[in-house]
Colleague: 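Structure incoming, see below.
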Amino acid sequence: MVRGPLPPTPSATDRNEEHQMNVIVTDTGFAADDLSGAFQPADTPGATALDLGPEADVTALAGRLDGVEIIRIAFPAFSDGRGFTLARRLRMMGYGGRLRAAGHVIADQYAMARRTGFDEVEISADLARRQPWEQWQARADWRAHDYQARLRGAG
């Protein structure tokens, strides 16, 4: 687990984002992606690591979730919140494996990602440099900032 800043900005020859390792954000810090290349489309029989798009029908996974270790849900744009709904629905269906939000998620959305059921967020190395761990860490205590939990505690 890497805490604090990432390595310096890569040289001009390394700036092609497709060739940089993605960064995994958890409540305890930044980490390297331990599953790069392991994800399969949702309709792949027997796959243990699934990729879902934001338009996925999670009910199609009913009865198939027991063998799935991790599901990665794509966020194609910072303004696209459909992945939060998918995560919540998967948790309500009883899915207990790892859930990963991937793509266009920013530090300000981290608390929402955790509350809806995500365990981690996969971001580009470039975004990790622009939004260092300290910005994510400010939202890592996501339970303390839950509006509904604060209301329940006040009653």
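What you are looking at is a predicted structure, and each value in this text was computed from that prediction instead of being measured. Only heavy atoms go into these numbers, but all of them, side chains included; no hydrogens, no water, no symmetry mates. One is the number of the first residue; the rest follow in order along the sequence.
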Colleague: Does some side-chain heavy atom of Trp133 sit less than 4.5 Å from a side-chain heavy atom of Val25?
Modeller: yes
Colleague: Once you round to the nearest 0.5 Å, how far does NE2 of His104 lie from CZ of Phe75?
Modeller: 12.0 Å
Colleague: Look up atom OG1 in Thr26 and atom CH2 in Trp136, then write down how far apart they are to the nearest 0.5 Å.
Modeller: 11.0 Å
Colleague: Quick one: CZ on Arg88 to CE on Met93, what's the gap to the nearest 0.5 Å?
Modeller: 13.5 Å
Colleague: Please report the C-alpha distance between Tyr95 and Leu61 in whole Å, then the side-chain angles of each, then the deciding distance to 0.1 Å, and finally whether the side-chain contact (heavy atoms from CB on, under 4.5 Å) criterion is met.
Modeller: CA-CA 10 Å; Tyr95 179 67; Leu61 296 174; over 6 Å; no
Colleague: Who pairs with Arg82 by salt bridge (Lys or Arg N to Asp or Glu O under 4.0 Å), at least two apart in sequence or on another chain?
Modeller: Asp80
Colleague: Assigning hydrophobic clusters by single linkage (Ile, Leu, Val, Met, Phe, Trp, Tyr; side-chain heavy-atom cutoff under 4.5 Å), is Ile70 placed with Phe84?
Modeller: no
Colleague: Does Gln109 reach the main-chain N or O of Ile106 with its side chain, forming a donor-acceptor pair under 3.5 Å?
Modeller: yes
Colleague: Take Leu90 and Leu99, measure what side-chain contact (heavy atoms from CB on, under 4.5 Å) needs, and give me the verdict at the end.
Modeller: CA-CA 9 Å; Leu90 283 165; Leu99 274 180; 3.8 Å; yes
Colleague: Please examine the side chains of Leu52 and Ile71, heavy atoms only from C-beta on, and report whether any two atoms are closer than 4.5 Å.
Modeller: yes
Colleague: Please tabulate, for the side chains in residues 41-51, all donor-acceptor contacts under 3.5 angstrom to protein atoms that are two or more places apart in sequence or on a different chain.
Modeller:
residue	atom	partner	partner atom	Å
Thr44	OG1	Pro41	O	2.9
Asp51	OD1	Arg72	NE	2.6
Asp51	OD1	Arg72	NH2	3.2
Asp51	OD2	Arg72	NH2	2.8

Colleague: What I want to find out is whether Glu69 reaches Arg98 closely enough, with some N-O distance under 4.0 Å, to be called a salt bridge.
Modeller: no
Colleague: Rounded to the nearest 0.5 Å, what separates atom CZ in Arg89 from atom CG in Leu86?
Modeller: 7.0 Å
Colleague: For Val23 and Ala128, which heavy atoms make the closest approach, and how far apart are they?
Modeller: CG2-CB, 3.9 Å
Colleague: Only one of Asp119, Asp33, Val121 clears side-chain contact (heavy atoms from CB on, under 4.5 Å) with Arg100; which?
Modeller: Asp33
Colleague: Determine, using the 4.5 Å side-chain heavy-atom cutoff (strictly less than), whether Ile24 and Phe39 are members of one ILVMFWY cluster.
Modeller: no
Colleague: Quick check on the hydrophobic clustering: are Leu35 and Val68 connected, directly or via other members, by side-chain heavy-atom contacts under 4.5 Å?
Modeller: no
Colleague: What's the spacing between Arg130 CZ and Gln135 CD if we round to 0.5 Å?
Modeller: 10.5 Å
Colleague: When rounded to the nearest 0.5 angstrom, what is the spacing between CD in Gln131 and CZ in Phe30?
Modeller: 8.0 Å
Colleague: Looking only at heavy atoms, which two atoms of Ile123 and Val105 are closest? And how far apart?
Modeller: CG2-O, 3.8 Å
Colleague: Looking only at heavy atoms, what is the nearest atom pair of Pro132 and Arg129, with distance?
Modeller: CD-O, 4.0 Å
Colleague: Decide whether Tyr110 and Asp27 meet the rule of one side-chain donor and one side-chain acceptor closer than 3.5 Å.
Modeller: yes
Colleague: Looking only at side chains, do Asp126 and Ser124 share a donor and an acceptor under 3.5 Å apart?
Modeller: no
Colleague: For a quick test of reading the model, state the closest non-hydrogen atom pair linking Thr116 to Arg91 and the distance between them.
Modeller: O-CG, 4.3 Å
